[in-house]
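To start, the structure itself, in structure tokens.
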Amino acid sequence: MTTDMHQPMLPLWDEPPTERSDPPTAPLSLPGPPPIITAEHVTGPLGMHMLIDLGILIPLDDAHAYRRDDGDSLYGRAAITAAALPKRITSMTVCGATAAWVWHGGDFPATVDILSSSHHRTRVFGRPIRTRARRVPADQITSIGTLSLTTPERTACDLALSPIEEIRAHSWQPVIAELMKQYDFGPQPCLDILDGCSYLHTAKQARDVLTDFACIA
């Protein structure tokens, strides 16, 4: 008796069994992994650490991660962010650093920024929820899947409205430049948005930051 040395590999993700009609009347649609991965979705903690070491998963904390492929796509990042939000704030709009991550990518942000007038003590994978009590018009908000977030133009404005120390610490100016390049808009739409934010104490600073891009253009 011979033994097949090429045994199929076990799946990386636990997937529920699917039923199949005979013959199938439509192509099968197998469910993929969830946006947020835990040890339960793979072959235990050792398997999860192995996938992180291989660069397949990107850790959010000691127990949660997301797939690198999802982090490299706009819709993947939106799904990750929507899944990360606590249920009571899933209907709120993300902004600032969080919206910038969805639109642009990079490292998952150190804070979860949302439009809200309430204070939230809950942390998201060890990261504080930072609220922004700002009046943002509906045309400066959009959605990707189930996630509500500020538009690229408004997101660029919000980054420019950050304290200057934060702009420097997080290198927001290159991110603003990348948002403009990737989503094909210049400084003027942002300056127009800031006309409606003159009540914010950092509005003048934000105009100065964005004017630098106008000079470059």
NZ/NE/NH1/NH2 to OD/OE distance under 4.0 Å, Arg68 and Asp72: no

I'd like to know if the side chain of Ser116 and the backbone of Ser118 have a donor-acceptor N/O pair within less than 3.5 Å. yes

Thr93 versus Ser148, side-chain donor and acceptor atoms under 3.5 Å: yes

Separation between CG (Leu147) and CG (Leu85), nearest 0.5 Å, reads 6.5 Å

Inter-residue atom distance Leu149.CG - Cys95.SG, 0.5 Å rounding: 9.5 Å

Of the non-hydrogen atoms in Ile176 and Ala156, which two are nearest, and what is the gap between them? CD1-O, 3.8 Å

Which class fits the ring pair His64 and Phe125: parallel under 30°, tilted 30 to 60°, perpendicular over 60°? tilted

Whether Ser73 side chain and Gly76 backbone form a donor-acceptor pair below 3.5 Å: yes

Fellow cluster residues of Val136, listed by chain then number, with links counted only when side-chain atoms sit under 4.5 Å apart: Leu115, Ile141

Quick check: closest heavy atoms across Leu194 and Cys157, and the distance to 0.1 Å? CG-SG, 4.2 Å

For the CG atom of Leu57 and the CE atom of Met50, what is their distance to the nearest 0.5 Å? 9.0 Å

Cluster partners of Leu46, using ILVMFWY side-chain heavy atoms under 4.5 angstrom, listed by chain and number? none

Using a 6.0 Å cut-off, check whether atom CG of Asp62 has over 12 heavy atoms from anything other than its own residue. no

side-chain contact (heavy atoms from CB on, under 4.5 Å) involving Gln188 - partner list, sequence neighbours excluded: Leu191, Asp192

Does Trp103 use its side chain to pair, donor to acceptor, with the backbone of Thr150 at less than 3.5 Å? yes

To the nearest 0.5 Å, tell me how far Leu159 CG sits from Ile167 CD1. 8.0 Å

Does Tyr183, at its OH atom, have more than 12 non-hydrogen atoms belonging to other residues, nucleotides or ligands within less than 6.0 Å? yes

Pair Arg132, Ile114 - check side chain to side chain contact (heavy atoms under 4.5 Å, CB included), show working. CA-CA 6 Å; Arg132 292 287 182 263; Ile114 61 172; over 6 Å; no

Is a donor from one side chain sitting under 3.5 angstrom from an acceptor on the other, for Thr151 and Thr142? no

Could you tell me whether the side chain of Gln173 reaches within less than 4.5 Å of the side chain of Val209, counting heavy atoms only? yes

Give the intermediate values and the outcome of side chain to side chain contact (heavy atoms under 4.5 Å, CB included) for residues Ser162 and Arg168. CA-CA 10 Å; Ser162 302; Arg168 292 168 178 164; over 6 Å; no

Counting only heavy atoms not in Asp107, do more than 12 fall under 6.0 Å of its CG? no

Decide yes or no on side chain to side chain contact (heavy atoms under 4.5 Å, CB included) for Leu74 and Ile144, but give the supporting numbers first. CA-CA 9 Å; Leu74 173 63; Ile144 303 175; 3.7 Å; yes

Just by modelled atom types, is the Ala160 backbone N or O under 3.5 Å from a matching donor or acceptor in the Gln205 side chain? yes

Got a second to check how far Glu153's CD is from Leu179's CG, nearest 0.5 Å? 9.0 Å

Linking I/L/V/M/F/W/Y whenever any side-chain heavy atoms sit under 4.5 Å apart, do Ile164 and Leu200 land together? yes

Side-chain contact test, heavy atoms from C-beta onward, threshold under 4.5 Å: evaluate it for Val124 versus Pro86 and give yes or no. yes

On the ring face of Phe108, is Arg77 found with NZ or CZ under 6.0 Å from the centre and within 45° of the axis? no

With a 4.0 Å cut-off, would you call Arg127 and Asp61 a salt bridge? no

Measuring from atom CD1 of Ile36 to atom OG1 of Thr81, what distance do you get when rounded to the nearest 0.5 angstrom? 8.0 Å

Going by distance alone, is a donor N or O of one side chain under 3.5 Å from an acceptor N or O of the other, for Arg88 and Thr122? yes

Between Arg207 and Asp195, is a side chain to side chain contact (heavy atoms under 4.5 Å, CB included) present by the stated rule, with each step listed? CA-CA 9 Å; Arg207 295 189 72 88; Asp195 287 340; 2.9 Å; yes

Expected output: side-chain Thr202 to main-chain Pro163 donor-acceptor under 3.5 Å: no

